Amino acid sequence: MTTPPYQPGYAPGYSDKSKVVAGILGILLGTFGAGRFYTGHTKIAVLQLVVSLVTCGVGALWGVIDGILILVNGGTDAQGRPLRD
């Protein structure tokens, strides 16, 4: 079995998704669950969208807080791998 070629900028065991992109999407488009869709967490993303619609936009605060937490603490993709910087 051969090992995959080394890709600069990607540490082994890390996601190919960026925490900066996920955080910015969460802050700007958190109403639509865009940050969670980006990382592959579709169930949470749909839940964010539904909560925002049901609460007439007040639920968008969830996306903003989620985006800030991803920027500060990092996060994981759908496979559980940490997001790269």
Side-chain angles (χ1 to χ4, degrees):
M1 193 170 220
T2 62
T3 59
Y6 176 73
Q7 296 177 351
Y10 295 98
Y14 280 82
S15 174
D16 59 341
K17 307 290 184 185
S18 168
K19 77 175 185 178
V20 173
V21 173
I24 297 298
L25 284 172
I27 291 170
L28 297 178
L29 299 172
T31 304
F32 308 109
R36 290 299 183 159
F37 276 121
Y38 173 73
T39 59
H41 297 103
T42 54
K43 290 180 183 178
I44 295 174
V46 170
L47 189 59
Q48 281 181 332
L49 178 61
V50 168
V51 167
S52 293
L53 291 174
V54 169
T55 62
C56 298
V58 177
L61 187 60
W62 178 12
V64 173
I65 293 170
D66 193 33
I68 292 170
L69 287 175
I70 288 174
L71 285 174
V72 172
N73 297 330
T76 60
D77 64 5
Q79 287 79 32
R81 300 175 297 182
L83 298 174
R84 65 180 170 86
D85 289 332

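Bear in mind the structure is a predicted one, so any value in this text is a computation, not a measurement. Computed from heavy atoms alone, side chains included, the values below leave out hydrogens, waters and symmetry copies.
Using a 4.5 Å cut-off between side-chain heavy atoms of Ile, Leu, Val, Met, Phe, Trp and Tyr, with links allowed through other members, Ile65 and Ile68 fall into different hydrophobic clusters. Two different hydrophobic clusters hold Val54 and Leu47 under the rule that ILVMFWY side chains link at heavy-atom gaps under 4.5 Å.
By the 4.5 Å heavy-atom criterion applied to side chains, Val51 and Val58 are not counted as neighbours. Two residues are said to be in side-chain contact when any heavy atoms from C-beta on lie closer than 4.5 Å; Tyr38 and Ser18 meet this criterion. Between Thr76 and Arg81, every side-chain heavy-atom pair lies at or beyond the 4.5 Å cut-off. In this structure, the side chains of Ile44 and Trp62 come closer than 4.5 Å at one or more pairs of heavy atoms. With a 4.5 Å cut-off on side-chain heavy atoms, Gln48 and Asp66 count as touching.
When every heavy atom of Ala45 is checked against every heavy atom of Gly33, the shortest pair comes out as CB-O, 3.5 Å. The two residues Ser52 and Gly59 come nearest to each other via the heavy atoms OG-C, 3.4 Å. The shortest heavy-atom contact between Gly23 and Leu71 is CA-CG, 3.8 Å.
The distance from the NZ atom of Lys19 to the CG atom of Leu69 is 12.0 Å, given to the nearest 0.5 Å.
The residue from Val20, Ile70, Val21 that alone fulfils the side-chain contact (heavy atoms from CB on, under 4.5 Å) condition with Leu83 is Ile70.
Contact check on Asp16 versus Arg84 returns no salt bridge, with no Lys/Arg side-chain nitrogen under 4.0 Å from an Asp/Glu carboxylate oxygen.
Under a cut-off of 6.0 angstrom, the local environment of CZ in Phe37 is crowded, with over 12 non-hydrogen atoms contributed by other residues, nucleotides or ligands.
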